[in-house]
Chemist: 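Dropping the structure in here first, questions after.
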Amino acid sequence: MKSEETDKGLLEHWSPQELAEAFARNEVAIIDVRTPQEYAFEHIHGALLAPLATFEPQNLPSQQGKKLVFHCGSGVRSRKVAEACLAAGIAPVAHLEGGFGAWKSAKLPYVAIDPATGGIKRVDPSAG
């Protein structure tokens with residue numbers, strides 16, 4: 001992971017693989033800051049939704065020592081949210097570099113709407 005010292009504190013930039021591995025070890029909570037519509041269409045299974053438009057750092061759930069890692073579509077919104085958390089005194093925080101697009105490019109699993117049924121299906125691009 002890369003880190004950057006901002007005027008608000010230390011901001012970590014995680015790769016998709018680093019996030020997937022930490023999430024599998026139950027070390028992080030993933031917070032999706034995209035819109036409810038984007039989240040409904042496809043998202044990382046287990047990620048919590050806290051849209052940027054209504055985001056309030058003080059309303060984040062306690063994760064009992066887990067690091068919060070934010071993500072959006074490209075990394076722009078998640079960086080804004082992470083910086084807002086740092087400004088509110090919430091640390092450590094991180095964001096997914098490249099966002100959900102990078103997650104999908106890394107061929108990591110996610111859930112999406114199945115266009116045939118309208119239900120939710122698991123998508124595992126690495127399976128073939």
Side-chain angles (χ1 to χ4, degrees):
M1 112 191 49
K2 295 186 282 184
S3 60
E4 168 189 0
E5 189 62 48
T6 71
D7 60 343
K8 297 170 182 75
L10 187 67
L11 175 59
E12 296 177 356
H13 306 272
W14 288 38
S15 73
Q17 195 61 44
E18 289 167 333
L19 179 54
E21 290 170 3
F23 194 53
R25 292 188 305 264
N26 203 29
E27 296 173 353
V28 299
I30 301 174
I31 311 291
D32 189 327
V33 301
R34 298 175 303 152
T35 66
Q37 296 83 356
E38 289 172 296
Y39 181 89
F41 182 67
E42 57 187 8
H43 62 271
I44 299 170
H45 182 70
L48 303 173
L49 178 64
L52 173 63
T54 58
F55 184 79
E56 296 286 342
Q58 69 273 14
N59 294 334
L60 286 169
S62 167
Q63 291 299 315
Q64 297 135 1
K66 290 183 182 180
K67 184 173 289 187
L68 299 176
V69 183
F70 300 97
H71 90 83
C72 62
S74 67
V76 173
R77 291 175 284 180
S78 59
R79 180 185 176 105
K80 287 180 184 177
V81 166
E83 289 177 343
C85 286
L86 290 172
I90 299 169
V93 295
H95 83 112
L96 175 59
E97 193 167 45
F100 190 61
W103 181 273
K104 288 172 63 176
S105 292
K107 299 188 183 303
L108 292 166
Y110 58 96
V111 293
I113 292 178
D114 183 340
T117 66
I120 298 292
K121 67 175 181 176
R122 289 186 181 258
V123 179
D124 188 355
S126 68

Chemist: Evaluate the side-chain proximity of Arg34 to Arg77: yes if any heavy-atom separation is below 4.5 Å, no if none is.
Modeler: yes
Chemist: Are side-chain heavy atoms of Val69 and Glu12 found at a separation under 4.5 Å?
Modeler: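 Counting from C-beta outward, Val69 and Glu12 never come under 4.5 Å.
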Chemist: Which other residues belong to the hydrophobic cluster containing Ile120, where Ile, Leu, Val, Met, Phe, Trp and Tyr are joined when side-chain heavy atoms lie under 4.5 Å apart, directly or via other members?
Modeler: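 The other cluster members (ILVMFWY side chains, heavy atoms under 4.5 Å, direct or chained) are Val111, Ile113.
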Chemist: Please find the pair of heavy atoms, one from Ala112 and one from Val123, that lie closest to each other, and give the distance.
Modeler: CB-CG2, 4.0 Å
Chemist: Is there side-chain contact between Gln58 and Ile90, with at least one heavy-atom pair below 4.5 Å?
Modeler: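 Heavy-atom side-chain distance check fails, nothing below 4.5 Å.
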Chemist: Verify the cluster assignment for Leu96 and Met1: are they in a single hydrophobic cluster under the rule of side-chain heavy atoms below 4.5 Å apart?
Modeler: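 Same cluster: Leu96 reaches Met1 through Ile, Leu, Val, Met, Phe, Trp or Tyr contacts under 4.5 Å.
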Chemist: Between atom CZ of Phe23 and atom NZ of Lys66, what is the distance when rounded to the nearest 0.5 Å?
Modeler: 7.5 Å
Chemist: Quick one: pull up CG in Leu10 and CG in Leu86 and give me the separation to the nearest 0.5 Å.
Modeler: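 Taking CG in Leu10 and CG in Leu86, the distance rounds to 8.0 Å.
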Chemist: Between SG of Cys85 and CZ of Phe55, what distance do you get to the nearest 0.5 Å?
Modeler: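 One gets 3.5 Å once the value is rounded to the nearest 0.5 Å.
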Chemist: For Cys72 and Val33, which heavy atoms make the closest approach, and how far apart are they?
Modeler: CB-CG2, 3.8 Å
Chemist: Please report the interatomic distance CD(Glu27) to CG(Leu19), rounded to the nearest 0.5 Å.
Modeler: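 Taking CD in Glu27 and CG in Leu19, the distance rounds to 11.0 Å.
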Chemist: What I'd like to find out is whether the side chain of His95 reaches to under 4.5 Å of the side chain of Val81, using heavy atoms alone.
Modeler: no
Chemist: Could you grab the distance from atom CZ of Arg79 to atom OG of Ser74, nearest 0.5 Å is fine?
Modeler: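 Answer rounded to 0.5 Å: 12.0 Å.
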Chemist: Under the side-chain hydrogen bond (donor to acceptor under 3.5 Å, both in side chains) rule, what pairs show up with a residue in residues 39-49, not counting sequence neighbours?
Modeler: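 As it turns out, the side-chain hydrogen bond (donor to acceptor under 3.5 Å, both in side chains) pairs with a partner in residues 39-49, which skip direct neighbours, are Glu42-Lys104, His45-Arg122.
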Chemist: Is the shortest heavy-atom distance from the side chain of Ile44 to the side chain of Asp32 under 4.5 Å?
Modeler: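 Heavy-atom side-chain distance check fails, nothing below 4.5 Å.
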Chemist: For Ala94 and Ala82, which heavy atoms make the closest approach, and how far apart are they?
Modeler: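 Closest heavy-atom pair between Ala94 and Ala82: O-CB, 4.4 Å.
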Chemist: Closest approach of Pro57 and Ala84, non-hydrogen atoms and distance?
Modeler: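 Answer, listing the atom of Pro57 first, then Ala84: CG-O, 3.9 Å.
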Chemist: Is there a side-chain contact between Ser126 and Leu108 in this structure, where contact means two heavy atoms from C-beta onward sitting under 4.5 Å apart?
Modeler: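 A side-chain contact under 4.5 Å is absent here.
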Chemist: Would you please name every residue forming a side chain to side chain contact (heavy atoms under 4.5 Å, CB included) with Glu97, sequence neighbours left out?
Modeler: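 Partners of Glu97 under the side chain to side chain contact (heavy atoms under 4.5 Å, CB included) test: Lys2, His13.
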Chemist: If we ignore hydrogens and angles and just use 3.5 Å, is the side chain of Trp103 paired with the main-chain N or O of Gln17 as donor and acceptor?
Modeler: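 No, because the side chain of Trp103 does not come within donor-acceptor range (under 3.5 Å) of the backbone of Gln17.
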Chemist: Output the distance between atom CH2 (Trp14) and atom OG (Ser3), rounded to the nearest 0.5 Å.
Modeler: 11.5 Å
Chemist: Taking all non-hydrogen atoms of both residues, which atom of Leu49 and which atom of Pro36 are closest, and how far apart?
Modeler: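 Looking at all heavy atoms of both residues, the closest pair is CD2-CA, 3.9 Å.
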